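Report on the following structure.
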Amino acid sequence: MALFNRQKEISLKDIELPEHIGIIMDGNGRWAKKRGLPRTAGHTAGAQTFRRIARYCSDIGIKYLTVYAFSTENWKRPKEEVDAIMKLFKEYMLEAISDFQDDSIVVKFIGDRSVFSDDMLQLIEKNENDSKDRDGMVLNIAMNYGGRDEIVHAVKKIAQNVKDDKLSVSDINAQLISENIYTASQPDPDLIIRPSGEYRTSNFLLWQSAYSEYCIMDVLWPDFKSEHLDKALIEYAKRNRRFGGI
Ligand code: FPP
C-alpha cells in the first residue's frame, strides 16, 4: 500500500495515462468462497468495487472505461447467480438515473440487447439518453457481451449492406469493421486489466484489443482498490508499445 502510494506521488501526475482502459471484473466467486459466502455475495461486493473504480478512473482523467459485467457465455451459470447479477445491474441503472444527475460520466451499454426485458431496455436507453451530452468519461458496461458475437453482428450488418447495394466488397476493411462494432467511434483500449490472476481474454473486446497492453493482477475483483489501478497505470507507462513496428 505504502509502495503504491509512494509510486502514485512520484508518478501518476507525470506518466502518460491510457486513454481507454478495459477491466475484466473477475474473481467475485472465489472471493465469496474464501469467506464461506454464496457466490452472489461476491457479485454484490464486486458491484461496489465497480462503483468505486469507475469513479476513480473518472477522477484521474481516464477518457474511456469498459467493464466486463456479463458475457454471452455467463447464461450457463445457475439461474440464481444470473438473476443476482441482473438485479445488481438494474440497481445500478436505477441509481445512475436518480442519483447521478449532476455527473459528468457518459454511460453506454455494449452487448446484445435483444434478450433483455422491456423494462430493462427502457432503463438502458434512459441511462444512455440522459447522459449522452455530458463531457466526462465514457463508461461502457458490457452486458450480454461477447467479442465473437460482436464481430458476427458487424459482419451481418456489413453483408446486408453489400446485399442492398449500399456497399461493395472492396469497401470492406478494418476501419469499416471498427465502425460497425459496439464501440464504434471510440478508441481501442490501451490497457486491459484482469484481476484474479487468470491469463485469458475470455472473449472480451477481441477486435479492439489487437494492440492492447494486458495487466494481469493477483487480486480478486472485490478486493481491487485504487492502489491496484495506480500500479497497473505505472506498469502500463513502462511498456514500449510498437503496434507491430520496431
Ligand atoms: C466474474 O467473476 C464476474 C462476473 C461474471 C460478474 C461481474 C458482475 C459484477 C461485478 C456486478 C454487476 C455489474 C454492474 C455493472 C453493477 P466470477 O464469478 O467468474 O469469479 P470466479 O472466477 O472467482 O468464480
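When a ligand or atom number is given, it counts from 1 through the structure's own listing order. Just so we're clear, the structure is a prediction, and the values are computed from it rather than from any experiment. Values below: every heavy atom of this structure, side chains too, minus hydrogens, waters and symmetry copies.
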Query raised in the report: For atom 12 (C) of ligand 1, what is the nearest protein heavy atom, given as residue, atom name and distance?
Result: Leu88 CB, 4.0 Å
Report summary line: Under 4.0 Å between heavy atoms, the region of Trp31 that gets near ligand 1 turns out to be neither
Requested in this report: Given side chain to side chain contact (heavy atoms under 4.5 Å, CB included), test Phe50 with Tyr92 step by step and report yes or no.
Outcome: CA-CA 10 Å; Phe50 152 72; Tyr92 178 73; 3.6 Å; yes
Report task. Report the part of Val67 in contact with ligand 1, treating N, CA, C, O as backbone and CB onward as side chain, heavy atoms under 4.0 Å; options are side chain, backbone, both, neither. Result -> neither
Query raised in the report: Strictly under 4.0 Å, does any heavy atom of Phe50 approach an atom of ligand 1?
Result: yes
Query raised in the report: Salt bridge or not for Glu198 and Arg30, using N-O below 4.0 Å?
Result: yes
Report summary line: Within the 4.0 Å heavy-atom cut-off, what Lys90 brings close to ligand 1 is neither
Report task. Run the contact test for Lys33 against ligand 1 with a 4.0 Å cut-off on heavy atoms, strictly below, and give the result. Result -> no
Query raised in the report: In terms of side-chain heavy atoms, does Trp221 have a donor or acceptor partner in Ser196 at a distance below 3.5 Å?
Result: no
Report task. Measure the distance from atom 5 (C) of ligand 1 to every protein heavy atom, then report the residue, atom name and distance (to 0.1 Å) of the closest one. Result -> Asn74 OD1, 3.5 Å
Query raised in the report: atom 7 (C) of ligand 1: which of Ala69, Gly27, Gly29 has the nearest heavy atom?
Result: Ala69
Query - Within 45° cone of Phe100 ring axis and under 6.0 Å: Arg55 NZ or CZ - result: yes
Report task. Find out whether Leu233 and Ile15 are in side-chain contact, i.e. whether some heavy atom of one side chain is under 4.5 Å from a heavy atom of the other. Result -> yes
Query raised in the report: Between the candidates Ile85, Ile24, Asn28, Thr44, which shows the shortest non-hydrogen contact distance to atom 10 (C) of ligand 1?
Result: Asn28
Query raised in the report: Which of these, Glu73, Glu80, Glu81, sits in a side chain to side chain donor-acceptor pair (under 3.5 Å) with Arg77?
Result: Glu81
Report task. Quick one: look at Glu91 and ligand 1, take heavy-atom pairs under 4.0 Å, and tell me if it's side chain, backbone, both or neither. Result -> neither
Query raised in the report: If you measure only the distance, is there a donor-acceptor pair under 3.5 Å linking the side chains of Arg241 and Tyr236?
Result: yes
Report task. Using heavy-atom distances, let me know which of Arg30, Met25, Met93 sits nearest atom 23 (O) of ligand 1. Result -> Arg30
Query - SB check Asp130 Arg134 (cutoff 4.0 Å) - result: no
Query raised in the report: Has Arg77 got any heavy atom lying under 4.0 angstrom from an atom of ligand 1?
Result: yes
Query raised in the report: Judging by distance only, is a nitrogen or oxygen of Tyr68 under 3.5 angstrom from one on ligand 1?
Result: no
Query - Side-chain heavy atoms of Gln186 within contact of His20, under 4.5 Å - result: yes
